[in-house]
Q: 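Once you've had a glance at the structure underneath, I'll fire off some questions.
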Protein chains: 2
Amino acid sequence: MKRFIEVEQLLKTQGIRLTAQRALVLRRAVAYLHFTAEELVKDVREIDASVARGTVYRTLALLHRAGVVEKHDFRYGPPNYEVTFAKAHHDHLMCVQCGEIIEFQEPRVEALQQAVVKRFGYQLLSHTHKLYGLCRACQHADPRRAPKHPHLHVEEVVA
Amino acid sequence: MKRFIEVEQLLKTQGIRLTAQRALVLRRAVAYLHFTAEELVKDVREIDASVARGTVYRTLALLHRAGVVEKHDFRYGPPNYEVTFAKAHHDHLMCVQCGEIIEFQEPRVEALQQAVVKRFGYQLLSHTHKLYGLCRACQHADPRRAPKHPHLHVEEVVA
DNA sequence: TGCTTGTTGAGACTGAGTCTCAAGTAGAAA
DNA sequence: TTTCTACTTGAGACTCAGTCTCAACAAGCA
Ligand SMILES: [Zn+2]
Ligand SMILES: [Zn+2]
Ligand SMILES: [Zn+2]
Ligand SMILES: [Zn+2]
């Protein structure tokens, strides 16, 4: 809820109108850690079926432009979105077997990125750094047992 | 041409049949540094219009399974493929303005990745590390001049 | 030669995302 | 309030990349 209100204020300062539909989309988005666009569509429409798919996509794009939402192209499954507003920068480690996503920070890598771009005369704008592997459980489990990239993590349930 | 023959031999040891269609797809693929699936379809069909789209995709998947081709999801534009067979591991730096792609190696980052996964008890299988920024030219150029993510780099022209 | 299996072309199909447009709001002005 | 304008929306058609199906077609083999 706190995140929701912070974002609400940010949008106001940017002159972006927070309609009822947008508020619902945002409220559901901040409830997730990572989510796909279609998951969010489904989730939102379960609460209010009159909200059109296009509206969810438009709002997602809006929030992205406003710097509230980031898009992650994980190699397995469809792209993932994340409300990164008011969250420290982090990169991701994913279990290719069960789909668990871990967020990590590694300042030494971030520093080396600057060194790399300097080598080529580039100005660094952004980066993605994703590690893929097997979590401890999946290293030992029967590979036929675990489902591939299932459910996403829901942080809290907002009514 | 050398790469083509090396790959040809690798496929033979894996018992994968190199049909005329597959050979054409492969021959065109090794001519590129990075390419999209649809670009390769177009390219191949310009030489032999009887080759079906499905065949190009199937061959790409085949080469991927054989460890010959890698897929890169750059954030801008459609996914890119690369024949990485007999090439040293590298990561990528992309200019978001003109689309230039630079390959770089940074062993210290590779080492730190191992440290990260160890922290979480993971076994590292693979990773992607992409830096996005502005090349020297685009930092100074009028932003309206340069086209966005254009042409891909062709390494050699194979008849 | 026939048998078996793998491969292909053609085209239907899918899923994710975009676009269009008429109808519906929210403010701002009067 | 009413009116004007600009923004937003729902509905659904559309696009594009990629996948699937299947009948026809080769390769390799006995
Ligand atoms: Zn980072
Ligand atoms: Zn995250
Ligand atoms: Zn690397
Ligand atoms: Zn490369």
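Below, chain A is the first sequence line, B the second, and so on; all start at residue 1. Quick caveat: nothing in here was measured; it's all calculated off a predicted structure.
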Q: A:Leu62 CG to C:dG17 C1': how many Å, rounded?
A: 17 Å
Q: Enter the distance from B:His92:NE2 to B:Phe74:CZ here, rounded to the nearest 0.5 Å.
A: 5.0 Å
Q: Roughly, in whole Å, what's the span from CZ in A:Phe35 to C1' in C:dA16?
A: 15 Å
Q: Are OP1 or OP2 of C:dT8 and a side-chain N or O of B:Thr55 less than 4.0 angstrom apart?
A: no
Q: Rounded to whole Å, how long is the line connecting atom CD of B:Glu39 with atom P of D:dA17?
A: 10 Å
Q: With the sugar-phosphate defined as primed atoms, P, OP1 and OP2, and the base as all remaining atoms, what B/S/- string results for nucleotides 18-28 of chain D, 5' to 3', for protein heavy atoms under 4.0 Å?
A: BB-B-----S-
Q: Does one hydrophobic cluster hold both B:Val68 and B:Phe4, with members joined at side-chain heavy-atom distances below 4.5 Å?
A: yes
Q: Expressed as a whole number of angstroms, how long is the span from A:Arg22:CZ to D:dG10:P?
A: 11 Å
Q: Compare the minimum distances between each of C:dG9, D:dG10, C:dT8 and the side chain of A:Val51, then state the nucleotide with the smallest one.
A: D:dG10
Q: From CD of A:Gln21 over to P of C:dG24, roughly how many Å is that when rounded to an integer?
A: 14 Å
Q: If I take atom CG in residue B:Asp73 and atom C1' in nucleotide D:dA17, what distance separates them, rounded to the nearest angstrom?
A: 12 Å
Q: Which whole-number value in Å describes the distance from B:Lys42 NZ to D:dA17 C1'?
A: 16 Å
Q: Using only atom types and a distance under 3.5 Å, with no angle test, would you say the side chain of B:Arg3 pairs donor to acceptor with the backbone of B:Phe85?
A: yes
Q: If you check the B:Ser50 side chain, which of D:dG10, C:dG9, C:dT7 turns out closest?
A: C:dG9
Q: Taking only residues at least two apart or on different chains, which pairs with a member in residues 12-24 of chain A satisfy salt bridge (Lys or Arg N to Asp or Glu O under 4.0 Å)?
A: none
Q: Using 30° and 60° as the class boundaries, would you call the ring planes of A:His90 and A:His72 parallel, tilted or perpendicular?
A: tilted
Q: Tell me if a side-chain donor or acceptor on B:Arg53 pairs with a main-chain N or O of B:Glu38 at a distance below 3.5 Å.
A: no
Q: Can you tell me the distance, in whole Å, between the CZ atom of A:Arg45 and the P atom of D:dG12?
A: 10 Å
Q: Do B:His127 and B:His89 have ring centroids that are under 6.0 Å from one another?
A: yes
